[in-house]
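All values below come from the heavy atoms of this structure, side chains included, with hydrogens, waters and symmetry mates left out.
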Amino acid sequence: MANSFLDLWRAAGRERHAGKTGSLPAPLDRLNGEALAARDGAHPLAFLTGAELLTPCTDALSGSIEVTPGSLVGGEIHARLRVRATKEIKARGTRVAVKGHLVREVTQSLTEKVGDQEHTTTWIEVLATEIANVPLMEIAVPATLAPGDEIDLKILAPAPRLGPPSLHLGAYMVVWTLQVEWDIAAGADERVAAVIDVAQNPDLLRSGVMSLGPSAMMAAWSEGEVSMDVDPAPPIAPGSALKVNVRWPSASGGRGARVELYADLMLALPVRIAAAELQTSDLAKGSLITFEIPSDAPPVFDGAQLSLRYRIRVLIDRPLRSDLAAERNVVIG
């Protein structure tokens with residue numbers, strides 16, 4: 001098993017591609033340049049975090065937005081704006097907003113013709129798309145500041161109602177930020193921003209809003225003669241141990257059996273997080289398998305035109321014949 005969920009992508013490396021760069025919108029523009037591009041097949045985003053991408057303050061400001069930990073999908077965001085003007089600011093107005101971005105890796109290619117030959121260059125570039133922009137109209141921030149002026153202001157904002165939560169999927173990342181912006185006429189806006197860690201809400205997982213599959217929230221599960229019971233009952237917390245009691249009474253022969261844990265991300269191939277080998281005779285009488293869930297395993301979610309689900313698969317390896325398999329879903333988050 002990988003030490004972490006992101007290790008599954010980090011194994012491909014982050015080798016940069018000479019002359020290629022990536023660019024993200026403010027305030028996630030701190031690393032714009034070569035750090036956001038890599039050779040084809042690499043995963044540069046897997047080595048980055050939302051906090052590393054963030055530019056917390058522009059030049060005319062000093063300070064930060066302090067976000068209180070514990071924000072949940074559908075809940076509240078508590079924060080405090082503490083900044084001092086280092087230069088005079090004369091803005092047309094101010095904006096306070098909660099914004100969400102989908103940061104993702106994209107395969108880019110360029111074909112060039114040299115004489116009678118064509119040469120194609122392919123690389124990975126990190127891009128971002130805004131997925132949400134929630135203005136906080138009731139929060140008033142001074143539009144004009146003299147050098148040395150200070151602001152100390154508490155902020156209460158709604159967390160995303162249905163998500164997605166903050167998460168890192170290796171080749172994709174959902175980043176939520178709280179931003180205060182000064183709209184400067186004929187010039188670059190001034191800004192202070194913070195990354196918000198918005199966790200998945202267990203009540204949302206239990207509510208039935210998301211289609212999780214009939215087995216996903218069950219501790220005991222069986223279909224036909226195959227049973228796969230899990231302990232503890234879902235949802236399973238990242239960083240915990242998941243025990244799977246699997247039994248297939250008619251299992252026999254073959255080269256053996258496997259019990260596997262997969263992550264299924266929309267628009268990507270399934271990723272095997274963990275696997276255990278056993279004999280079919282052990283599968284027939286019943287076996288207890290323990291999987292250590294990576295502490296950074298992202299939660300089950302829907303949103304930003306993506307979805308993530310987890311499933312347990314038991315397989316009987318039969319040479320020269322098709323394998324036999326049974327599956328059930330399980331919720332992690």
Side-chain angles (χ1 to χ4, degrees), residues 1-9 11 165 167-170 199-200 202 204-206 208 210-266 268-302 307-319 321-333:
M1 176 183 294
N3 293 329
S4 79
F5 184 86
L6 291 180
D7 282 348
L8 300 168
W9 282 265
L167 45 86
H168 201 322
L169 302 164
Q200 183 61 284
L204 179 66
L205 299 176
R206 298 185 181 101
M210 293 189 289
S211 177
L212 301 173
S215 61
M217 292 292 285
M218 299 172 61
W221 175 88
S222 63
E223 185 173 73
E225 64 169 353
V226 183
S227 63
M228 279 184 271
D229 301 339
V230 298
D231 181 30
I236 312 299
S240 65
L242 171 62
K243 296 179 180 179
V244 184
N245 193 343
V246 56
R247 186 169 180 265
W248 194 330
S250 66
S252 62
R255 290 180 292 199
R258 292 194 305 274
V259 181
E260 304 166 317
L261 176 63
Y262 279 91
D264 295 317
L265 175 66
M266 183 189 297
L269 295 174
V271 176
R272 192 172 76 173
I273 298 175
E277 305 276 350
L278 65 159
Q279 299 298 316
T280 51
S281 57
D282 294 329
L283 182 59
K285 64 185 180 184
S287 292
L288 183 64
I289 308 297
T290 299
F291 292 138
E292 298 292 336
I293 306 300
S295 59
D296 61 344
V300 165
F301 79 97
D302 286 329
S307 69
L308 178 68
R309 300 291 185 268
Y310 293 91
R311 62 187 161 94
I312 302 169
R313 180 180 189 233
V314 56
L315 179 141
I316 300 174
D317 185 0
R318 303 192 303 174
R321 290 187 295 169
S322 58
D323 296 335
L324 296 176
E327 298 178 341
R328 64 156 292 176
N329 291 100
V330 64
V331 170
I332 294 175

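- Salt-bridge annotation for D282 and R247: absent, with no side-chain N of the basic residue lying under 4.0 Å from a carboxylate O of the acidic one.
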Test side-chain contact (heavy atoms from CB on, under 4.5 Å) on M218 and M228; report intermediate values, then the result. CA-CA 10 Å; M218 299 172 61; M228 279 184 271; over 6 Å; no
Applying side-chain contact (heavy atoms from CB on, under 4.5 Å), run through I293 and L261 and close with a yes or a no. CA-CA 9 Å; I293 306 300; L261 176 63; 3.6 Å; yes
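- The main-chain N or O of M217 is never found under 3.5 Å from a side-chain atom of R206 such that the two would form a donor-acceptor pair.
- Side chain of R313 to backbone of R328: no donor-acceptor contact under 3.5 angstrom is found.
- No donor-acceptor distance shorter than 3.5 angstrom exists from the side chain of D229 to the backbone of N245, with no hydrogens or angles considered.
- Rounded to the nearest 0.5 Å, atoms CG (L278) and CZ (R258) are 10.5 Å apart.
- Under a 3.5 Å cut-off, the side chain of S215 and the backbone N or O of N329 do form a donor-acceptor pair.
- The shortest side-chain heavy-atom distance between H168 and D296 does not fall under the 4.5 Å cut-off.
- Distance check: S227 OG to W221 CH2 gives 8.5 Å after rounding to the nearest 0.5 Å.
- Going from atom CD1 of I332 over to atom OG of S240 covers 8.0 Å, rounded to the nearest 0.5 Å.
- A salt bridge links R255 with D317: the distance from a Lys NZ or Arg NE/NH1/NH2 to an Asp or Glu carboxylate oxygen falls below 4.0 Å.
- I316 has its side chain within reach of W248: a pair of non-hydrogen atoms, C-beta onward, lies under 4.5 Å apart.
- Side-chain N or O atoms of Q279 include none that pairs as donor or acceptor with a backbone N or O of A257 at under 3.5 Å.
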Using the rule given for side-chain contact (heavy atoms from CB on, under 4.5 Å), can you reason through F291 versus I289, listing the C-alpha separation, both sets of side-chain angles and the distance that settles it, and then say yes or no? CA-CA 7 Å; F291 292 138; I289 308 297; 3.7 Å; yes
List the steps and the verdict of side-chain contact (heavy atoms from CB on, under 4.5 Å) for V330 and R311. CA-CA 6 Å; V330 64; R311 62 187 161 94; over 6 Å; no
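- Taking 4.5 Å as the limit, every side-chain heavy atom of L169 sits out of range of all side-chain heavy atoms of L6.
- Within the 4.5 Å cutoff, no side-chain heavy atoms of V331 are placed close to those of Y310.
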